[in-house]
Chemist: 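Following this message is one structure expressed as structure tokens.
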Protein chains: 2
Amino acid sequence: MARTAEESRFSLQKDRMLRAAARCFNQKGFSGTSLKDVAGQLGLTDAALYYYVRNKEELVYLCYLKAAELGRAALETATAEGGTALERIRRYLHLHAEFMLGEPGPVAIMSEIPSLKTEHREEILRLSREHSARFEALLREGIDEGSIAPCDVRMTGNAIMGALNWIPKWHHGDPDVARQVLASFPDILSRGLVPAGSR
Amino acid sequence: MARTAEESRFSLQKDRMLRAAARCFNQKGFSGTSLKDVAGQLGLTDAALYYYVRNKEELVYLCYLKAAELGRAALETATAEGGTALERIRRYLHLHAEFMLGEPGPVAIMSEIPSLKTEHREEILRLSREHSARFEALLREGIDEGSIAPCDVRMTGNAIMGALNWIPKWHHGDPDVARQVLASFPDILSRGLVPAGSR
DNA sequence: CGATTATTTTAATCCGGATTAAAATTTTTG
DNA sequence: CAAAAATTTTAATCCGGATTAAAATAATCG
């Protein structure tokens with residue numbers, strides 16, 4: 001039996017749905033997008049969405065979950081290859097910027113976290129904290145090995161994350177701009193980390 | 001007649017209202033806050049808000065307008081005193097962070113811009129662009145005078161703004177953290193700007 | 001104080017979008 | 001192909017929160 005095929009048909013549609021939702025939430029804001037808007041992009045009726053998702057809240061939640069996962073994956077990929085902590089961070093900056101420039105990026109702003117149901121909200125916040133913690137650990141590692149200048153890792157992490165996460169606010173899909181971002185952000189965000197001596 | 005007194009009574013209430021609204025939008029998200037929530041904080045009925053504002057859209061708009069104005073004022077104050085461009089930028093970083101840590105800051109995220117009416121949306125976006133432009137001009141000035149290392153001013157400005165504007169996302173009112181931010185952000189965000197020679 | 005203006009409340013209305021249930025259609029499977 | 005499962009639609013319902021109008025209360029002024 002085509003178990004995998006069935007599975008994937010459902011999952012693929014669901015994924016299309018999430019991407020459509022992310023696009024809408026970004027363009028029109030959360031309160032500004034109706035389920036009809038999202039369904040429209042898929043050539044479906046609003047009611048059809050309920051086959052994939054319990055309600056609108058779950059739709060946002062899944063978008064946020066996916067954004068969190070993509071961020072996590074970027075950090076993991078960047079650190080997997082080795083090199084100094086500074087080098088790994090620079091790879092991460094590039095990967096994360098890349099993801100923020102893409103489709104689901106905008107939803108990463110996660111402005112509607114407060115209106116998620118408690119359980120979902122806590123999960124998203126937990127994932128977010130875990131991500132920050134991993135990044136800060138990487139900074140600490142760099143400081144220990146000397147590839148990064150001593151600093152307040154918490155605050156430095158927050159600053160860098162902010163710069164990355166803010167990208168969707170001013171990037172509106174122009175591929176030229178996207179290229180500029182990828183070319184400049186790793187430098188901009190890591191230059192301040194380099195110890196005074198090793199310039 | 002006590003024209004000024006009347007004026008100020010109205011304005012003061014209106015200002016209280018905006019602060020209450022900002023607090024709500026931040027804590028509960030835009031779609032999550034009803035006019036009743038905002039009115040409740042003021043000991044009023046929801047209908048009373050309509051004496052001060054045409055509708056909910058105008059309420060958000062005014063919050064955004066105020067946030068934009070505070071940002072503008074921070075930059076103006078910081079640049080008024082003179083010094084090298086780098087020094088002025090560092091003063092600005094401190095002032096802007098200070099404002100982001102305060103009451104109306106959180107609304108500065110401005111996630112509901114898409115659902116503003118065209119006229120309001122365009123005004124807010126214009127103010128935002130003007131602010132960026134002024135900051136970039138300051139960067140350019142620093143590069144010319146040599147207090148700042150050559151860089152892509154557009155991207156550098158975006159990165160710094162992002163780091164600042166993201167503050168409300170992770171700052172939740174703890175005054176200790178606020179102190180840490182003010183102590184570290186100007187350094188963190190300006191260290192990367194300093195030319196390699198003048199460390 | 002009486003009158004006028006400012007502010008707020010009460011009590012409806014209104015409305016769009018979320019949600020649901022049942023029916024119709026399409027796809028899969030044996 | 002027929003039956004079963006999966007997917008989507010149609011057609012209501014439902015509901016909370018925005019908005020409004022008129023009335024009530026409070027403040028101010030001459």
Side-chain angles (χ1 to χ4, degrees), chain A residues 1-25 27-64 111-112 114-117 120, chain B residues 1-25 27-64 111-112 114-117 120:
Chain A
M1 59 179 137
R3 210 194 74 237
T4 32
E6 283 171 35
E7 270 298 313
S8 79
R9 167 146 174 55
F10 179 88
S11 302
L12 285 178
Q13 268 294 76
K14 189 163 180 173
D15 207 65
R16 276 186 71 211
M17 190 183 81
L18 291 185
R19 250 169 309 145
R23 214 173 309 134
C24 287
F25 291 147
Q27 283 174 355
K28 310 155 82 87
F30 175 74
S31 74
T33 84
S34 67
L35 293 185
K36 193 171 291 194
D37 291 331
V38 178
Q41 296 222 352
L42 304 169
L44 290 179
T45 306
D46 48 358
L49 301 186
Y50 286 83
Y51 182 70
Y52 298 94
V53 95
R54 190 179 301 283
N55 50 34
K56 193 180 179 184
E57 187 270 340
E58 190 177 332
L59 192 58
V60 207
Y61 160 67
L62 289 175
C63 286
Y64 289 175
S111 300
E112 284 299 321
S115 47
L116 293 181
K117 58 187 279 195
H120 289 165
Chain B
M1 55 179 139
R3 211 194 72 236
T4 31
E6 284 172 34
E7 271 297 314
S8 80
R9 167 147 174 54
F10 180 88
S11 302
L12 286 178
Q13 269 294 78
K14 188 162 180 174
D15 207 66
R16 277 186 71 211
M17 190 183 80
L18 290 185
R19 252 169 308 146
R23 215 173 307 135
C24 287
F25 290 148
Q27 284 175 355
K28 308 154 83 86
F30 176 73
S31 72
T33 83
S34 67
L35 293 184
K36 193 172 290 194
D37 291 332
V38 178
Q41 295 222 353
L42 304 168
L44 290 180
T45 306
D46 48 357
L49 300 187
Y50 286 83
Y51 182 70
Y52 299 95
V53 95
R54 190 177 301 281
N55 50 33
K56 194 181 180 184
E57 186 270 339
E58 189 177 331
L59 192 58
V60 207
Y61 160 66
L62 289 175
C63 285
Y64 289 175
S111 299
E112 283 299 321
S115 48
L116 293 181
K117 58 187 278 195
H120 288 165

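Note on naming: letters A, B, ... go to the chains in the order of the sequence lines (proteins, then strands), and numbering restarts at 1 for each one. Keep in mind it's a predicted model, so treat the numbers as computed, not measured.
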Chemist: Ignoring backbone atoms, establish whether Tyr51(B) has a side-chain N or O less than 4.0 Å from OP1 or OP2 of dT8(C).
Modeler: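 False: Tyr51(B) side-chain N/O out of range (4.0 Å or more) of dT8(C) OP1/OP2.
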Chemist: Work out which heavy atom in Tyr50(A) is nearest to a heavy atom in Asn55(A); give both atom names and the distance.
Modeler: CE2-CA, 4.1 Å
Chemist: Quickly work out the Leu49(A) CG to dA6(D) P distance and round it to whole Å.
Modeler: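 Atom CG in Leu49(A) sits about 19 Å away from atom P in dA6(D).
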Chemist: Can you see which heavy atom on Thr33(B) is nearest to which on Cys24(B), and at what distance?
Modeler: CG2-O, 3.2 Å
Chemist: Contact class for Ser34(A) vs. all strands (heavy atom < 4.0 Å): base, sugar-phosphate, or nothing?
Modeler: sugar-phosphate
Chemist: Nearest to the side chain of Tyr50(B), which nucleotide is it out of dT9(D), dT19(D), dA18(C)?
Modeler: dT19(D)
Chemist: Give the minimum heavy-atom separation between Met17(A) and Val53(A), together with the two atoms involved.
Modeler: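 That closest heavy-atom pairing would be CE-CB, 4.1 Å.
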Chemist: Roughly, in whole Å, what's the span from CG in Leu44(A) to C1' in dT25(C)?
Modeler: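 Nearest whole value for this atom pair: 14 Å.
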Chemist: Nearest to the side chain of Ala47(A), heavy atoms from C-beta on, is which of dT8(D), dT19(D), dT20(C)?
Modeler: dT20(C)
Chemist: Lys56(A) has an atom NZ; how far is it from atom C1' of dC15(D), in whole Å?
Modeler: 15 Å
Chemist: CZ of Arg16(A) versus C1' of dT7(D): gap in Å, rounded?
Modeler: 14 Å
Chemist: In whole Å, what is the span from the CZ atom of Phe10(A) to the C1' atom of dA5(D)?
Modeler: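 In whole Å, dA5(D) C1' lies 14 Å from Phe10(A) CZ.
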Chemist: Just how far, in rounded Å, is C1' of dG16(C) from CG of Asp37(A)?
Modeler: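 These atoms are roughly 12 Å apart.
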Chemist: Measure CG/Asp46(A) against C1'/dA11(D) and give the value in whole Å, please.
Modeler: 11 Å
Chemist: With a 4.0 Å cutoff (strictly under), does any side-chain N or O of Gln13(B) reach OP1 or OP2 of dT8(C)?
Modeler: yes
Chemist: Could you tell me whether the side chain of Glu112(A) and the main chain of Phe30(A) form a donor-acceptor pair under 3.5 Å?
Modeler: no
Chemist: Ignoring the backbone of Arg9(B), work out which of dT8(C), dT8(D), dA21(C) is nearest its side chain.
Modeler: dT8(C)
Chemist: Using 30° and 60° as the class limits, which term best fits the ring planes of Tyr61(A) and His120(A): parallel, tilted or perpendicular?
Modeler: parallel
Chemist: Specify the separation, in whole Å, of atom OH of Tyr52(A) and atom C1' of dT8(D).
Modeler: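 Computing the Tyr52(A):OH to dT8(D):C1' distance gives 8 Å.
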Chemist: Give Ser31(B) one of three labels, base, sugar-phosphate or nothing, depending on what nucleic acid heavy atoms sit under 4.0 Å from its own.
Modeler: nothing
